[in-house]
Amino acid sequence: MTTRAMKGGVSQIHAEIARLASTIRGHALSYGLDPFDTTFELIKHDELNEVAAYGGFPTRYPHWRFGMHYEELEKGYSFGLQKIYELVINNDPCTAYLMKSNSLVDQKLVIAHVYGHSDFFKHNAWFSKTNRKMLDQMANHGTRLRRYVEKFGEGPVEDFLDACLSVENLIDYHSVYAPRKRRIDTPVEVQEREATVRKFQSKDYMDRFVNPRSFLEQQKKKIEGELARKRRLPEEPEKDVLLFLLENAPLDNWQRDVLSIVRDEAYYFAPQALTKIMNEGWASYWHSRIMTEKVLEPSEVIEYAEHHAGTLGTRPGVINPYKLGIELFRDIEDRWNRGRFGPEWERCDDVERRRNWDLKLGLGRKKIFEIRAIHNDLTFIDEFLTEDFCKEQKMFTYRHNPQSGRSEIHEREYDKIKETLLFRLTNMGHPIIRVTDGNYRNRGELLLEHQHAGLDLDLKEGRETLRNLFRIWKRPAHIATLVEGERKVYGYDGTKHSEEAAGAGQGS
Amino acid sequence: MVKKIEKDYSRFRSIVRGRIRKELKKYISRGELIGKVGKDYVSIPIPQIQLPHFRYGKNDGQGVGQGPGEPGDPLDEGQPGTDPGAGDTPGEHLLEVDVPLAELAKILGEELELPLIKPRGTRQIQADKERYTGIARSGPESLRHFKRTYREALKRSIAMGIYDEKNPVVVPFREDKRYRTWKVREIPQNNAVIIYMMDVSGSMGDEQKEIVRLEAFWIDTWLRSQYRKVDCRYIVHDAVAREVDQHTFYHVKESGGTKISSALQLCREIIERDYPPEEWNIYPFHFSDGDNWGSEDTRRCLELLEQNIFRASNVFCYGQVKSAYGSGQFKKDLDEHFGDDPRIITSEIRDREGIYGSIRDFLGKGR
C-alpha cells in the first residue's frame, strides 16, 4: 500500500485527525476495549469508492467486477443516493479509510466506530484464524495474477478466474476452526489384506460355533463396505468443494494457484459475513457510548443525532444489522445488569414480578464483552433473541404474495421470526452443498449434493454454475437436489445440460 | 495518476458493450438506483454482471423485517422494482433523489449508447435571423464602420499620391465610407412532434399500459434532450380512434375490438393539419399487443403507412407489448411486408425488463 505524502494543509487535517484518534482511543481503552493499532487515512470520495470496490484492498488483483462495483458506488455517490463514511480493514495494524469530506462530528463518530470494529476483529473468536497480514497477502495475490495475465493472456486467465468466482461460496468456513485430520493414505495392499475377516482361534470341530458362518458374512460385508468407502473420492462428503477441486481437478499450475487465491480470499472474508450483525452492533454500541458520554460537544449534538439515526434507520422488509446488533447488545447488557436470565427468570410468568425484576447484579458489561469474544451472528441470535425483544423491536416475518405481487407482513410470531432469521444466517445464507463423488458413474465425473433445507435452488443459475464447474473439473459435473420435493440430478457435460429424476439418495 | 480501478472499469464497460468476453453477455442484468422525478420514481439503470452461483431460488420470497403494521400490510409502498427477496440481507440504503430530466436523458443516452439524432437534412425548419456581419457602401451614419472607412480612404490617398508620411492626415470622401449592414442567416431549428398511439382494446391490460407509459416516458425524455421543442399528441383507439390528452392516454379504460387503421388515419390527419413535414421532425409511435381486426384492416394500415405516414415522418416506430391475449400478428405482418425498410422500426416488449432493449431499438438508429 502506498503511503500518502502529506503536504501543507493536508498535514494539518491529518494532525487534527490523529489528535482526535488518540483522544478517542484513550476513551475506548478506558471502557475496556482493546483495539489493534489503527491508522487512519483521509481520502477523497473517488479514492474511497475505489478502495471499497476492491473490498478494502487497493492492491487487489485486477478484475472487471471491481470496476462494476466502482461504477455503482460512484454513481450512487454522485446522485446523492449513498455515501460511504468509512472503511475498516481487518489487518494488524488495522487500517481505516475516512472520507475527507466528512464533517468533524462525522469523523469523531466514525473514528469511535472504527475502534469498535478494530476491537471486535482482534477479540472475536471467529476472526482468530484470519490472516492479519492480509494487506500484504492480497498484494501478493495481485502480483501473481498479473504475472499470469502477462504470461497466458488476459482472456484465458480472466475466463478461468470467473469460473472460480462462480463457485467461491462452496467453502466450509467451519473447517478453519477445527482442521480435519488429513487422511493417512494406507497402501492398497494393506487394505486388501485387511479385507479378510479375522477368525477366532478354535479347533476345527468347534469352528462352526466359535466363528458362525452368518457372523463371518456380516463382517465381510462390513469390511467390504469400508473398503468401498475408502476407495471412494472423497471418503467423506466434502463441504470445502474448492479444496476438493484444488486437490483433485486436473489443473495447470497457474490455474491451481488462481483457484487457491479465490479460496484464500473467500475464507478471509467469511468471518465478516458471519458476524455482520454483531460487528456492526458492537461498533455502533461503542460509538454511541463514546460520543454521548465523552467526546460530543453540546453544539454537535443535533448533527451527531441525525447521523446516528440515519445509520440505525430501518425500512420495512430490511433488517438493518446496525440496528438489530446495537439493540441486542443493549438488551443483553440490561438483562444481565438486572439479572433477567437463568431458569428462575425463564420460569416466572408473573407479569408484575417480571416487570419489576431487578437483582442488581451489574453483570451487563462483562456479559457483552464475553459475547463479543465467542459468538457469531447465528449463535448470537439463537441465544439472545427473546420474545420480549421481538415485540419491543416490532419484528415480523414477511412473505411474497403472488396475488398482489407485493411482499406483505406475514406474522409476528416469535418462533417464526427466529426461525426465518436463523435460516437466513445458516451457512451465511448460502445453500449447503458438498462433494459426494469425484468418480460419479465410474467415469470420473463430479457429483455435488445439495442438502435441501426447505428452499429449492435457483435452477437457471445452477445450470450456469455447472458449466463453470465443468471448466474446472474438465469432466461432466452434476448436482443432486430436491425440486418441489422430488430428487433430481442436473448435469452438464460440456455440450449440453441434462436432468434426471433420481430415486433414493446416492452416496451418503 | 491514472487510478488502478480505471482499468478494471473500462474492462467491465467493454464486457457490457459486448466487445469482449461475449459469453458473459447473458449474465448482464440491469441493476438500478431509484431516483425520483417530481412524484414519479424512475430507476437509473446500472448494468451489472452477476456470475452464477448455487443459491436459493424463487420460492424465497420471505424474510424478517422490522417496523409497525398489521399482518397483511404490504411492504415497500411506492418503491417499484425493489426485490422482495432482498429483505433481511443487509442492503445498501436506497434513498430517493430528485434527478433533473436533462441528467436522466444523459444517463439514458450513455447507458443505451444512443446516437445523437441527426435531424432530417433538407426538411429542417429554416428560421431567419439577422446579424450585422456585412459591409455596405451606403447606410446611416450611425452604422459607419470606422476602421473599414479609414482603410478605404488610406488606400485611395496612397493611390492618388496625396499621402504624406510626415503629416499622415487622411480625409475620407463620401465614396470611402463603409457601413455595417445585416445579413440574413438561416438558422436551422429543429422541432419535433411525437404522436403516441395506443391500442386500448380489451386485450391490453394494466401491465401492458404501464409498460407503454414507462417506455413513453423514456422516449419523451430522450427526444426532448435532442430537440428544442417537442410537441406530444396522444391517440387512443379500439375500433375507432380519438385524440386525447396525456392523462387520459395513460388512464383510459376501453374495451372492444381493434382497428389499427383508425389510429393511423387519425395520425395522418393530425400530421396533415398541424405538422407540415418540411418543418417538423415527426415521430409516430404506435403501441399495441399485435391483435388487429382482420387482414382487411391490416392491409389498410400498410397502405396508410406506405403512402402517407412514412413520407411525413422521420421514422415510424411500432412497439408490440406482449399480452396474454394478443396474438402478436401485427408485428409479423409489418416485418413481412416492410422487411428491412429503414423507415419503420418494430420492437417487441416482453416485459418491463424489455423496455431498455426496445428503447434502444427505437432510438439506437439516430433518426
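A quick note: this is a predicted structure, and the numbers were derived from the prediction, not measured. The chains referred to below are lettered A, B, ... by the order of the sequence lines, with proteins before strands, and numbering in each begins at 1.
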Participant: Relative to chain B, which segment of A:Leu425 carries a heavy atom at a distance below 4.5 Å: side chain, backbone, both, or neither?
Facilitator: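 Answer is neither: A:Leu425 stays 4.5 Å or more from chain B.
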Participant: Is A:Ile479 close to chain B through its backbone or its side chain, or both, or neither, when contacts mean heavy atoms under 4.5 Å?
Facilitator: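 Side chain only.
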Participant: Grab the two heavy atoms, one from A:Ile417 and one from B:Val64, that are nearest each other, plus how far apart they are.
Facilitator: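 In terms of heavy atoms, the two residues are closest at O-CG2, 3.6 Å.
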Participant: Under a 4.5 Å cutoff for heavy-atom pairs, which residue among A:His410, A:His63, A:His430 has the most contacts with chain B?
Facilitator: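 The option with the most such pairs is A:His63.
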Participant: Tell me, for A:Glu280 versus chain B, whether the close heavy atoms (under 4.5 Å) come from the side chain, the backbone, both or neither.
Facilitator: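 Neither part.
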Participant: Which pair of heavy atoms, one from A:Ala53 and one from B:Ile5, lies closest together, and at what distance?
Facilitator: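 Residues A:Ala53 and B:Ile5, closest heavy atoms: CB-CD1, 3.9 Å.
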Participant: Can you give me the closest heavy-atom contact between A:Asn169 and B:His53, atom names plus distance?
Facilitator: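 So the minimum-distance heavy-atom pair works out to OD1-CD2, 3.9 Å.
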Participant: Using heavy-atom distances under 4.5 Å, tell me whether A:Leu448 contacts chain B through its side chain, its backbone, both, or neither.
Facilitator: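 Contact with chain B: side chain only.
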Participant: Less than 4.0 angstrom from a charged side-chain N to a carboxylate O is my criterion; do A:Glu50 and B:Lys4 meet it?
Facilitator: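 B:Lys4 and A:Glu50: not salt-bridged.
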Participant: What option among A:Asp46, A:Asn49, A:Thr314 has the most heavy-atom pairs under 4.5 Å with chain B?
Facilitator: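 Looking at each of A:Asp46, A:Asn49, A:Thr314 in turn, A:Asp46 comes out on top.
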Participant: Can B:Asp8 and A:Tyr61 be said to form a side-chain contact (heavy atoms from CB on, under 4.5 Å), step by step?
Facilitator: CA-CA 10 Å; B:Asp8 291 333; A:Tyr61 60 79; over 6 Å; no
Participant: Identify the two heavy atoms, one from B:Phe12 and one from A:Trp64, that lie closest to each other, and give their separation to 0.1 Å.
Facilitator: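 Looks like CB-O, 3.6 Å.
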Participant: State the CG-CG distance between A:Asp162 and B:Leu51, to the nearest 0.5 angstrom.
Facilitator: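 Those atoms lie 5.0 Å apart.
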Participant: Which heavy atom of B:Gln48 sits nearest to which heavy atom of A:Met68, and what is that distance?
Facilitator: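 Smallest interatomic distance, heavy atoms only, reads CA-SD, 3.7 Å.
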Participant: Kindly say whether A:Pro62 contributes a backbone atom to a donor-acceptor pair with the side chain of B:Arg11 at under 3.5 angstrom?
Facilitator: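 Looks like no, no N/O pair under 3.5 Å.
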Participant: Under 4.5 Å, counting heavy-atom pairs only, tell me which of A:His450, A:Glu154, A:Glu411, A:Arg60 racks up the most with chain B.
Facilitator: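 The answer is A:Glu154.
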Participant: Taking the side chain as every heavy atom from C-beta outward, state whether B:Phe54 and A:Asp458 have any atom pair closer than 4.5 Å.
Facilitator: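 Counting from C-beta outward, B:Phe54 and A:Asp458 never come under 4.5 Å.
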Participant: Atom CD in A:Glu461, atom OH in B:Tyr56: separation rounded to 0.5 Å?
Facilitator: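 Rounded to the nearest 0.5 Å, the CD-OH separation comes out at 14.0 Å.
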Participant: Which of the residues A:Glu408, A:Arg463, A:Arg467 is involved in the greatest number of heavy-atom pairs with chain B at under 4.5 angstrom?
Facilitator: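 Most heavy-atom pairs within the cutoff with chain B belong to A:Glu408.
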Participant: Pick from A:Glu327, A:Lys323, A:Gln393, A:Lys394: which one makes a side chain to side chain donor-acceptor pair (under 3.5 Å) with B:Gln66?
Facilitator: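 The passing option is A:Gln393.
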Participant: For residues B:Pro52 and A:Asn468, report the shortest heavy-atom separation together with the two atoms involved.
Facilitator: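 Looks like CG-ND2, 3.6 Å.
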Participant: Could you measure the distance from the CG atom of A:Leu457 to the CZ atom of B:Arg55? Nearest 0.5 Å is fine.
Facilitator: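 Going from the CG atom of A:Leu457 to the CZ atom of B:Arg55 covers 10.0 Å.
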Participant: Can you tell me if CZ on A:Arg146 sees more than 12 non-hydrogen neighbours from other groups inside 6.0 Å?
Facilitator: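 Result for CZ/A:Arg146: enclosed.
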